[in-house]
**Q** 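There's a structure below that I have some questions on.
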Amino acid sequence: MSEFAEIEKKWQQRWKESGIFRVKEDHDKKKYYCLEMYPYPSGKLHMGHLRNYSIGDSFARYKRMNGFNVLYPMGYDSFGLPAENAAIKNQSHPEDWTTKMIAQMREQQEQLGLSYDWDRMVSSIDEEYYRWDQWIFLKMLEKGLAYRKEAPINWCEKCHTVLANEQVINSSCWRCESKVQVKNLEQWFFKITAYAEELLSDIKKLEGWPERVKLMQENWIGRSEGTLINFKLKRTGEIMPIFTTRVDTLWGVTFMVFAPEHPKVMELVKGTEYEERVKRFIDRIVIQDKFQRTDDTKEKEGMFIGEYAINPVTGDEVPIYIANFVLLEYGTGFIMAVPAHDQRDFEFAKKYQVPIKVVISPDTHELHPARMAVAFIEDGKIINSDEAFNGVPNREVIPEIQKWLEKKGLGKKTVQYKLRDWLISRQRFWGTPIPVIYCDHCGIVPVPEKELPVRLPRKAKFSGQGNPLASNEEFVTCFCPVCKSPARRETDTMDTFVNSSWYFLRYTDNKNQKQIFDRDKARYWMPVDQYIGGIEHAVLHLLYARFYTKFLRDMGIAVVDEPFTNLLCQGMVIKDGKKMSKSLGNVVDPGEIIEKYSADTARVFMLFAAMPEKELEWNDKGVEGSFRFLKRVYHLVEENMEGHAKELSNKDRFIISKMHSTIGKVTMHIEKMHFSLAIGELMQYTSAVYKYKEGTINKEVYDECAATLALLISPFAPHLAEEMWEKLGKKGFISIAHWPKADLSKIDKKAEAGEEIVSSVTADIIKVQELAKIKQAKKITLIIAAEWKYDFIRELKDRMESTRDLSVILKEIMATELKRYGEEIVKAVPSFIKDPSKLPEEVLDQQTESNLLQDNKETLAQEFKAEIIILKAEESREGKAKNAYPGKPAILIE
RNA sequence: GAGGGGGUGCCGGAGCGGUCAAACGGGACAGGUUUAGGCCCUGUUGGCUUAGUGCCUACGCGUGUUCAAAUCACGUCCCCCUCACCA
């Protein structure tokens with residue numbers, strides 16, 4: 001156990017007692033809502049959690065110290081399968097296990113010194129929480145956004161239970177290993193597709209989100225514009241619409257394909273010679289689709305089903321197939337196939353010898369179906385189609401064909417989404433009960449609002465067979481709220497993503513028993529300013545949460561369009577190049593690290609080792625390094641330093657300057673969430689303070705330096721910082737102290753401190769200590785490159801407008817240079833334009849500039865008390881003049 | 001296949017037109033402390049050189065833009081991630 005263990009315990013205790021992290025709405029202060037994705041309470045923190053919380057807490061602390069009213073809460077996504085499994089194993093209730101796990105989890109989080117407002121904790125298994133899940137469900141139902149539909153589930157006949165996808169291993173039940181069947185069941189859906197358009201178009205509002213997440217959501221929603229075309233079945237005359245984005249190829253259709261699981265298929269082959277074969281094919285493909293998607297499904301497989309369809313524009317009869325490559329979920333599950341112009345259709349047609357008809361011709365040559373090796377998918381001119389369209393480029397003709405079809409009543413323009421409605425039914429116990437009742441007379445009846453919540457029963461049997469809720473008569477039996485006759489309750493529970501779709505709103509008012517939350521409170525806190533979590537939620541959770549926010553807004557309850565302003569997706573923690581996982585045996589337990597070093601060490605390492613969004617390679621040695629660094633920081637305040645000298649020496653001025661520039665840089669890095677760079681900066685600063693400490697010091701200066709270090713490090717290593725703060729004799733908690741502000745003038749002063757320091761290009765701040773040497777300089781040479789060009793010309797031009805005196809301009813430039821010498825963050829010469837080619841030729845005549853410079857040479861020499869050498873730009877790459885270039889003079893001291 | 005992100009010194013990892021032989025950490029080596037080791041401290045860590053210094057070679061590979069490229073553009077090779085037979 002390290003020397004920090006006691007310190008950490010002490011401050012955790014004090015934070016708890018003082019309640020400094022509790023917040024409430026305060027309209028005089030700017031709010032900041034910092035949120036981490038609430039965890040599933042597995043009972044044990046892993047490295048991913050540690051990383052997530054290290055990032056979030058540091059940022060929350062930083063914002064708090066900057067005067068924001070920071071909402072930083074924590075909660076638990078506590079419904080879910082593991083609890084149910086534990087219940088079966090231990091013959092207990094899932095609640096017991098879950099409660100225990102939450103307690104464990106929270107204890108570990110407290111050990112990390114995270115500055116949560118624990119009073120705002122939210123847990124989805126809490127009745128007062130899930131009643132509002134049910135309430136939202138009722139609202140969805142009311143608005144027609146919750147509905148029932150048949151959907152397939154994985155069924156284990158032996159266990160008599162529904163399996164989640166993760167419980168299906170190699171298409172077998174994970175418990176009994178019997179083959180899993182696919183069954184259709186009436187289940188509940190949320191109509192997220194009703195919001196597809198807005199969910200898509202609002203992505204562009206999410207400026208603070210990573211591009212890749214936005215892209216994933218865009219692809220997930222998958223909007224495509226196309227045409228719905230009414231094909232007819234030959235035998236029955238029934239109209240079967242199909243969706244296509246390539247209506248321009250309509251005349252090239254030579255066959256049609258159904259998704260194998262399309263209900264129409266069995267209907268069509270019933271009683272025909274094809275029935276048996278088709279059935280066998282479907283059985284095989286459906287399983288494949290479910291469980292062996294990664295297998296050789298690339299091979300196109302299909303079968304003719306003995307039926308024909310009629311092309312509405314040509315009247316052609318084309319054969320209908322079923323094939324593995326057509327999906328029921330997308331479009332209408334029935335497609336028109338144009339082998340000449342679609343690669344998949346082409347491969348299929350070749351394999352099953354279906355004719356190929358070319359309807360788009362390239363400009364360069366003629367296509368012959370028999371000689372084609374691949375489909376022609378590029379653009380060209382329409383041929384072999386309706387006279388009205390032949391000869392026209394195919395892309396241009398699409399809207400015309402759409403109009404034409406519409407007029408004839410054969411089809412219409414439509415928009416299609418990949419996004420599917422959200423299946424929320426789960427046939428399990430440990431979830432939010434869906435609040436509806438089935439009555440023989442009244443049908444589906446919502447549970448009246450005042451009867452919420454529909455509670456999960458305390459008494460339940462967990463045998464592993466079926467849904468314990470369904471076999472619980474006490475739960476199931478009820479009376480119809482409308483006609484009062486005996487009825488039965490819905491026994492499906494909701495997907496846990498439902499619970500997590502609005503928890504961030506509940507944090508704003510977690511104790512409200514009358515409403516889901518108070519509107520004013522939500523209005524104060526929302527939206528979440530910074531959301532932090534894993535990339536694995538890029539689509540599901542983050543999309544559902546957006547959907548919920550929009551729905552609640554439309555209900556007049558929530559107050560924002562989008563819930564999360566800034567999103568940070570942290571990278572994975574890996575070890576030996578692989579993801580940490582139990583099966584690989586490369587798991588490092590954060591608990592051990594905390595035990596061995598300290599929570600602060602673990603946090604600092606997590607932040608220092610990699611940028612938040614990058615992968616973080618676990619490295620034991622690196623942890624050592626972080627630990628050593630913190631010890632060094634801490635030992636700065638342990639000894640009681642003696643100091644003299646009231647007058648500030650150069651040494652004092654140097655460390656003060658270093659301090660202020662460090663404040664500036666650390667602040668900037670944290671703002672950008674570049675924690676590793678901020679910590680790196682602190683490491684350098686710490687070394688500088690150590691150096692300063694040697695020899696004579698100014699006690700006041702030293703204390704200020706130490707206090708500043710404590711402040712700057714406090715977001716990352718809060719316990720240590722508090723301890724330092726106390727040792728320095730400061731009052732109150734550092735956690736709520738003011739973040740220091742960089743005093744730029746102090747930085748300048750240091751530069752000025754050596755008026756004689758003129759800048760040697762390679763000098764860095766430490767070398768300033770060698771100023772004495774420079775003082776004795778005999779000769780100062782100023783080397784100026786004369787060929788002013790590009791962006792520098794522009795800068796010159798701007799300046800020339802106010803003054804024609806080059807020496808004044810150069811003086812300004814020198815001043816900037818000097819400022820840089822004081823480690824000013826700003827770059828000396830801003831690059832005005834990126835693209836030099838955009839500069840008008842006549843901006844400034846270069847020759848004139850050179851002359852101007854020559855003319856002013858004498859003045860400059862006097863001005864700077866230096867010898868002036870003027871070079872051509874090319875010359876500036878050589879020898880001593882290497883560091884002189886247009887825009888930046890070099891100064892040599894001899 | 002589509003989309004995204006990357007290739008930097010012994011390693012991890014910053015930098016993203018000129019203060020770059022490249023931050024910071026780790027490792028290695030040398031020295032100090034120590035009976036010794038550990039901890040800790042100091043220094044070195046591409047090559048050749050100087051009294052200070054300077055030169056050459058280097059940021060996957062190639063070409064280009066520029067007075068100037070690790071940084072920008074184009075091409076090329078390799079790696080990672082996400083979605084994936086989307087009609």
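As a basis for the values below, the full set of heavy atoms in this structure was taken, side chains included, without hydrogen atoms, waters or symmetry mates. Lettering of chains follows the sequences in order, A, B, ..., and the numbering in each one begins at 1. Just so it is clear, the structure is predicted and the values come from calculations on it, not from any experiment.
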**Q** Name the nucleic acid region contacted by V338(A), choosing base, sugar-phosphate or nothing; use a 4.0 angstrom heavy-atom cut-off, strictly under.
**A** nothing
**Q** Please report the distance separating the P of U71(B) from the corresponding atom of C41(B), rounded so that it comes out in whole Å.
**A** 37 Å
**Q** Counting only heavy atoms and a strict 4.0 angstrom limit, can you tell me which residues of residues 411-421 of chain A come near RNA chain B?
**A** K418(A)
**Q** Taking the same atom, P, in G18(B) and in C86(B), what whole-Å distance lies between them?
**A** 45 Å
**Q** Does N230(A) use its side chain to pair, donor to acceptor, with the backbone of I239(A) at less than 3.5 Å?
**A** no
**Q** If I take atom CG in residue L607(A) and atom C1' in nucleotide G12(B), what distance separates them, rounded to the nearest angstrom?
**A** 16 Å
**Q** Of T245(A) and M216(A), whose nearest nucleotide on RNA chain B comes first from the 5' end?
**A** M216(A)
**Q** With C1' as the reference atom in both, quote the distance from C61(B) to C77(B) in angstrom, rounded to an integer.
**A** 7 Å
**Q** Using a cutoff of under 3.5 Å, can you pull out all pairs of nitrogen or oxygen atoms linking the protein to nucleotides 24-26 of chain B, with atom names and distances?
**A**
| residue | atom | partner | partner atom | Å |
| --- | --- | --- | --- | --- |
| G26(B) | OP1 | R628(A) | NH1 | 2.7 |

**Q** If a pair means Watson-Crick or G-U wobble with both distances below 3.5 Å, what does RNA chain B look like in dot-bracket form, with | marking bases paired to a different strand?
**A** ((((((((.[[[..)..(.....]]]((((((.......))))))(((.....)))...[[[[[..)....]]]]])))))))....
**Q** Take atom C1' in A70(B) and the same atom in G7(B), then report the distance between them in whole Å.
**A** 12 Å
**Q** K631(A) or D345(A): which one's nearest nucleotide on RNA chain B is closer to the 5' end?
**A** K631(A)
**Q** With rounding to the closest Å, how many angstrom separate the C1' atoms on C29(B) and C83(B)?
**A** 50 Å
**Q** In whole Å, what is the span from the CE atom of M673(A) to the C1' atom of A14(B)?
**A** 19 Å
